[in-house]
Amino acid sequence: MTTTADSRSRGRSLRRDALGVGASTAIGIASTAPAYSLAVSVGLLAGYVGAAAPLVLAASAIPVVLVALCFRELNRAEPDCGTTFPWTEKAFGLSVGRMVGWTTVMACVLVMSNLAQVAAIYTYTLFDLDSAAESKLAQAGLGTVFILGMAVLAYRGIRIAAWTQVLLLTVEVIGLLWFALRAFQEAGTVSIPAFSATGEGAWAAGVLVAVFLYWGWDSSFSVNEESRNPRRTPAIAALIANAFLIVLYLVVAWAAVAYAGTDVLDDIADDDFFAILSAELLGTAGGKVLVGAVLVSALASTQTTILPTARTMLSMARRDAFPGQFARISARFQTPSVSTWAFAGASVLVYLALVLTSEAVLADSVAAVSVLVSLYYLATALAVPVYFSGEIRGRVLQRAVVPLLAAGSFVVVLVLAVSDVGTGPLVVVGVTMVVGAVIMFSMKPPGEGER
């Protein structure tokens with residue numbers, strides 16, 4: 001039974017009109033963690049597609065932008081902070097919506113392990129604590145502190161979170177552009193990279209890694225209820241974020257291939273190339289700056305991963321797909337309370353389990369997260385024509401053509417990539433989906449009169 005206190009808590013709303021286009025764009029870009037994402041993905045990408053890594057990044061932006069247009073169309077009709085969950089629920093029913101919502105949440109839980117470990121390692125590296133950087137226990141301890149610290153900032157208000165993102169994002173972009181400039185200077189060339197001789201499956205796996213690099217722009221939609229003009233601002237912010245990321249990723253990946261070559265990048269695919277190349281390329285002081293950029297990138301994304309996931313869980317609770325307590329909103333800060341701390345707690349537990357037991361946390365979780373993200377992007381694209389069934393005439397391009405192109409792209413990538421990503425990530429994805437199914441379907445949907 002819902003108590004009076006619960007009813008009051010669930011009746012509160014998130015802070016209205018708190019974010020403009022600039023702040024929403026910063027959240028969308030920072031949520032992708034550009035420096036961190038490049039650090040852990042460029043080696044993997046070079047291993048799959050060789051010198052064509054920059055071209056794959058450019059090409060893989062196409063289905064991502066198509067999905068962003070799907071988000072825009074759905075958000076215009078229903079600006080809900082749960083984004084993919086409520087839209088797929090309306091299109092396909094509560095059971096499918098629950099599974100898509102769970103997939104979104106678990107993708108974020110898994111990526112938190114990446115973020116926390118990278119933040120911990122780079123902090124120790126920044127202060128020349130090499131033994132601590134290699135210690136699993138030291139990584140576990142500091143990573144946990146970072147997750148909880150970013151949860152505090154996310155909980156204390158959306159404006160504080162947004163300004164934190166603007167500051168941290170500025171630092172990491174400066175570091176990345178400095179790296180790219182120095183890499184091109186040392187390489188002495190900016191010639192267009194050649195296509196490698198890898199097969200189509202490896203290219204599909206490469207695109208899957210690129211999906212991980214771009215993932216995060218949809219956080220601009222997750223703060224729609226806190227944006228000025230919720231039906232319009234998130235879409236503008238997300239598209240600007242994607243355009244910025246395409247240029248930034250292309251330049252940095254191009255510079256890395258030109259400077260280090262594909263063999264070197266492939267050799268460090270299970271590690272991160274900034275940590276290995278920064279001091280050699282930028283000198284001791286410059287290397288420290290780049291290490292700091294990746295550190296703040298991971299911290300920024302830790303916070304911006306908590307923001308959208310807590311709001312997804314809040315939305316699911318409002319629609320009775322999660323226990324009602326998850327819909328509670330802080331009266332003081334106007335942020336999700338139970339959802340924020342529940343997600344932070346779950347992230348800590350998964351992080352500790354992975355960092356203390358896995359020998360390849362970065363590689364395995366990148367691939368697993370990429371599959372999960374591709375699945376919920378696919379579900380969102382397919383939801384558009386169903387959501388607007390009977391209302392497609394007059395907007396055929398936005399509600400039929402674009403969604404079907406986006407869905408087709410992700411189906412092809414997922415099918416071709418399955419044989420290339422290895423069994424480890426697929427086991428993680430399988431366990432995630434099974435656990436999600438058990439949890440979701442163990443909660444009996446309430447009758448319409450109870451909702």
Side-chain angles (χ1 to χ4, degrees), residues 30-45 105-151 153-154 168 172 175 209 212-213 215-216 268-278 290-306 309 343-373 422 424-425 427-429 432:
S31 191
T32 67
Y36 148 78
S37 297
L38 286 164
V40 300
S41 300
V42 168
L44 292 171
L45 194 58
V105 170
M106 285 310 300
C108 293
V109 168
L110 286 175
V111 83
M112 289 288 278
S113 298
N114 274 111
L115 296 168
Q117 187 185 38
V118 168
I121 291 173
Y122 271 75
T123 299
Y124 292 132
T125 302
L126 188 64
F127 294 101
D128 296 319
L129 301 173
D130 295 336
S131 59
E134 296 175 0
S135 167
K136 295 291 187 181
L137 286 175
Q139 292 174 21
L142 188 56
T144 297
V145 170
F146 283 146
I147 291 174
L148 296 178
M150 291 299 104
L153 288 176
L168 297 179
E172 65 176 298
V209 172
F212 175 84
L213 275 159
W215 176 49
I268 57 177
D270 290 334
D271 207 326
D272 60 90
F273 78 98
F274 284 144
I276 295 174
L277 300 180
S278 58
L290 190 57
V291 166
V294 178
L295 168 59
V296 299
S297 176
L299 290 177
S301 190
T302 300
Q303 185 187 39
T304 49
T305 300
I306 295 170
T309 316
F343 176 69
S347 298
V348 167
L349 292 176
V350 173
Y351 170 62
L352 292 176
L354 285 176
V355 79
L356 294 175
T357 61
S358 175
E359 294 299 322
V361 176
L362 294 180
D364 285 351
S365 56
V366 165
V369 167
S370 299
V371 172
L372 290 172
V373 171
V427 169
V428 173
V429 172
T432 297

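The basis for the numbers below is simple: all heavy atoms, side chains too, and nothing from hydrogens, waters or symmetry mates. Just so you know, residue 1 is the first one in the sequence shown, and it goes up from there.
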Derivation of the side-chain contact (heavy atoms from CB on, under 4.5 Å) call for Leu356 and Leu137: CA-CA 7 Å; Leu356 294 175; Leu137 286 175; 4.1 Å; yes

Residue pair Met112, Val348: steps toward the side-chain contact (heavy atoms from CB on, under 4.5 Å) verdict: CA-CA 8 Å; Met112 289 288 278; Val348 167; over 6 Å; no

Residues Leu213, Leu38; criterion side-chain contact (heavy atoms from CB on, under 4.5 Å); working and verdict: CA-CA 7 Å; Leu213 275 159; Leu38 286 164; 4.0 Å; yes

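Rounded to the nearest 0.5 Å, atoms CG (Leu290) and CG (Leu126) are 11.0 Å apart. Separation of atoms CG (Leu153) and OG1 (Thr302) is listed at 11.0 Å; rounding is to 0.5 Å. Distance check: Leu115 CG to Leu110 CG gives 11.0 Å after rounding to the nearest 0.5 Å. Of the inter-residue distances, the one linking Thr309 atom OG1 with Met106 atom CE reads 11.0 Å to the nearest 0.5 angstrom. If you take CG on Leu142 and OG on Ser135, they are separated by 11.0 Å, rounding to the nearest 0.5 Å. To the nearest 0.5 Å, atom CG of residue Asn114 and atom OG of residue Ser37 are 9.0 Å apart.
Here the shortest heavy-atom pairing between Ala120 and Tyr351 reads CB-OH, 4.4 Å. Across every non-hydrogen atom of Ala133 and Thr125, the tightest pair is CB-OG1, 4.1 Å. Counting all heavy atoms, side chain and backbone alike, Ala35 lies closest to Ala293 at CB-O, 3.9 Å. Contact record, Val294 with Tyr36: CG1-CA, 4.1 Å, taken as the closest heavy-atom pair. Counting all heavy atoms, side chain and backbone alike, Ala140 lies closest to Leu352 at CB-CD2, 3.6 Å.
Val296 meets the side-chain contact (heavy atoms from CB on, under 4.5 Å) test with Leu168, Val171, Glu172; sequence neighbours excluded. With sequence neighbours excluded, no residue satisfies side chain to side chain donor-acceptor pair (under 3.5 Å) with Ser301. For Asp128, the side chain to side chain donor-acceptor pair (under 3.5 Å) test picks out Lys288, with sequence neighbours left out. With sequence neighbours left out, the side-chain contact (heavy atoms from CB on, under 4.5 Å) criterion links Ala346 to no other residue. Under the side chain to side chain donor-acceptor pair (under 3.5 Å) criterion, Thr123 pairs with no residue, sequence neighbours left out.
For residues 32-41, no residue pair satisfies the salt bridge (Lys or Arg N to Asp or Glu O under 4.0 Å) rule, not counting sequence neighbours.
The closest donor-acceptor contact from the side chain of Tyr124 to the backbone of Ala138 lies under 3.5 Å.
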